[in-house]
Amino acid sequence: MPEWLEAGFWGLLAGSALLIGAAVGFFVRVPRRVTASVMAFGAGVLLSAVSFELVDEAHEQGGLLPVAIGAAAGALLYTTANVLLARRGARHRKRSGGEQPSEREQPGSGNAIAVGALLDGVPESVVIGASLLAGGPVSLVTVIAVFLSNVPEGLSSAAGMRQAGRTRRYVFGLWTAIALISGAAALAGYTLLGGAPPEVLATITALAAGAILAMITDTMVPEAFADAHLLVGLITVLGFLVAFALSHA
């Protein structure tokens, strides 16, 4: 399989977990405590992947300065976009309770949630594609980490969308589109960054890492803490250790 096609395949595979989670969240009445626990586990998985795959790899490629600049820029860009989307109704896009506004309560919130979901997923997919640029196989740890974290994201968000009164067509149309865009983003990460100097690759990887870290704390941790309470720390550490074990297997 050509590497550019492989990049798209892995990105699509990781993004498809959003659709799987959405199906569970929309059709199955999952208790909120379970949803929050799964979200905490996914957050721990992503934290480990960011630490031991993305940031560590970026540091090896370009050193400390590109990592610091990229991570700070990624967090700033994500936070700025997230603030703008929150004002339009997307603040609680990953919440499974009644926090998401309906279109009647806040017109345009559905579009804002869709853009927010895209904002959350693109950085993860770009680094999946970029991981092939070293000439070796794709970073399976990153793919697995993104897949495992996407399931609770889709589950929690779809459950919240159902409670907000959004239709089945809207929910599954959104997550199908995001899964396809995830594949395209991974493909773009491979094709657009091919031939880039190591310092540029390091900066882009760190930028994605910074955006993912900001996303975890802004959207995943609040949902996890809302109902898992004192267990959230333990469950997050378990997710962290699972991803850590995979990266050192």
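It should be emphasised that the depicted structure is a prediction, and the values quoted were computed from it without experimental measurement. Values below: all heavy atoms of this structure, side chains included; hydrogens, waters and symmetry mates excluded.
At distances below 3.5 Å, not a single donor-acceptor pair connects side-chain atoms of Thr79 with backbone N or O atoms of Leu76. No donor-acceptor pair closer than 3.5 Å links the side chain of Ser156 to the backbone N or O of Pro152. In terms of modelled atom types and a separation under 3.5 Å, the side chain of Ser48 and the main chain of Gly44 share no donor-acceptor contact. One N or O on the side chain of Glu103 and one on the backbone of Gly108 form a donor-acceptor pair closer than 3.5 Å. Side-chain atoms of Arg162 come within 3.5 Å of backbone N or O of Gly25 as a donor-acceptor pair. Formation of a donor-acceptor pair under 3.5 Å by the Thr176 side chain with backbone atoms of Gly173 is not found in this model.
Leu77 and Val122 are assigned to two separate hydrophobic clusters, defined by single-linkage of ILVMFWY side chains at heavy-atom distances under 4.5 Å. Under the 4.5 Å side-chain heavy-atom criterion for Ile, Leu, Val, Met, Phe, Trp and Tyr, Leu140 and Leu5 are members of the same hydrophobic cluster. If you chain together hydrophobic residues whose side chains sit under 4.5 Å apart, Leu201 and Tyr190 fall into the same group. Linking ILVMFWY residues whenever their side-chain heavy atoms come closer than 4.5 Å, directly or via other members, leaves Val221 and Val83 in distinct clusters. Each of Val30 and Ile20 belongs to its own hydrophobic cluster when Ile, Leu, Val, Met, Phe, Trp and Tyr are linked at side-chain heavy-atom distances under 4.5 angstrom.
Within the model, atoms CG of Leu13 and OG of Ser125 stand 11.0 Å from one another, a figure rounded to the nearest 0.5 Å. Note that the CG atom of Leu187 and the CG atom of Leu12 stand 11.0 Å from one another [nearest 0.5 Å]. With values rounded to the nearest 0.5 angstrom, Ser51 atom OG is found 9.5 Å from Asp56 atom CG. Atom CG of residue Leu119 and atom CE of residue Met215 lie 9.0 Å apart, to the nearest 0.5 angstrom. Rounding to the nearest 0.5 Å gives a distance of 11.0 Å between CG of Leu193 and OG1 of Thr203. Interatomic distance, CD1 of Ile216 versus CG of Leu213, reported as 5.5 Å (0.5 Å rounding).
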List the steps and the verdict of salt bridge (charged side-chain N to carboxylate O under 4.0 Å, His left out) for Glu99 and Arg91.
-> CA-CA 9 Å; Glu99 297 87 356; Arg91 178 178 179 83; over 6 Å; no
Any chance you could lay out the side chain to side chain contact (heavy atoms under 4.5 Å, CB included) test for Leu174 and Tyr170, step after step, and finish with the verdict?
-> CA-CA 6 Å; Leu174 170 63; Tyr170 173 85; 4.3 Å; yes
May I have the step-by-step check of side-chain hydrogen bond (donor to acceptor under 3.5 Å, both in side chains) for Ser109 and Arg104, ending in yes or no?
-> CA-CA 9 Å; Ser109 58; Arg104 180 178 299 177; over 6 Å; no
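For the pair Ser182 and Ile178, the minimum side-chain heavy-atom distance is below 4.5 Å. Within the 4.5 Å cutoff, the side chain of Phe26 has heavy atoms near those of the Arg168 side chain.
Ala22 and Trp175 get closest at one heavy-atom pair: CB-CD1, 3.3 Å. In terms of heavy-atom proximity, Trp10 sits nearest to Ile128 at CB-CG2, 3.8 Å. Of all non-hydrogen atoms in Arg93 and Gln100, the two that sit nearest each other are O-NE2, 3.1 Å. Minimum heavy-atom separation, Val55 to Ala209: CG2-CB, 3.9 Å. Taking every heavy atom of both residues into account, Ala14 and Asn150 meet most closely at O-ND2, 2.9 Å. Closest of all the heavy-atom pairs between Glu53 and Glu57 is O-CB, 2.9 Å.
With sequence neighbours excluded, no residue satisfies salt bridge (charged side-chain N to carboxylate O under 4.0 Å, His left out) with Glu199. Annotation: salt bridge (charged side-chain N to carboxylate O under 4.0 Å, His left out) contacts of Glu124 (sequence neighbours excluded): none.
Between the side chains of Asn82 and Arg87, no donor N or O sits under 3.5 Å from an acceptor N or O. Using modelled atom types, one finds a donor on one side chain and an acceptor on the other under 3.5 Å when comparing Asp120 with Tyr78.
Partner of Phe41 under the side-chain contact (heavy atoms from CB on, under 4.5 Å) criterion, chosen from Val232, Ile235, Leu46: Ile235.
Aromatic pair Phe240/Phe52: ring centres closer than 6.0 Å. Taking the six-membered ring for Trp, Phe172 and Phe27 have ring centres closer than 6.0 Å.
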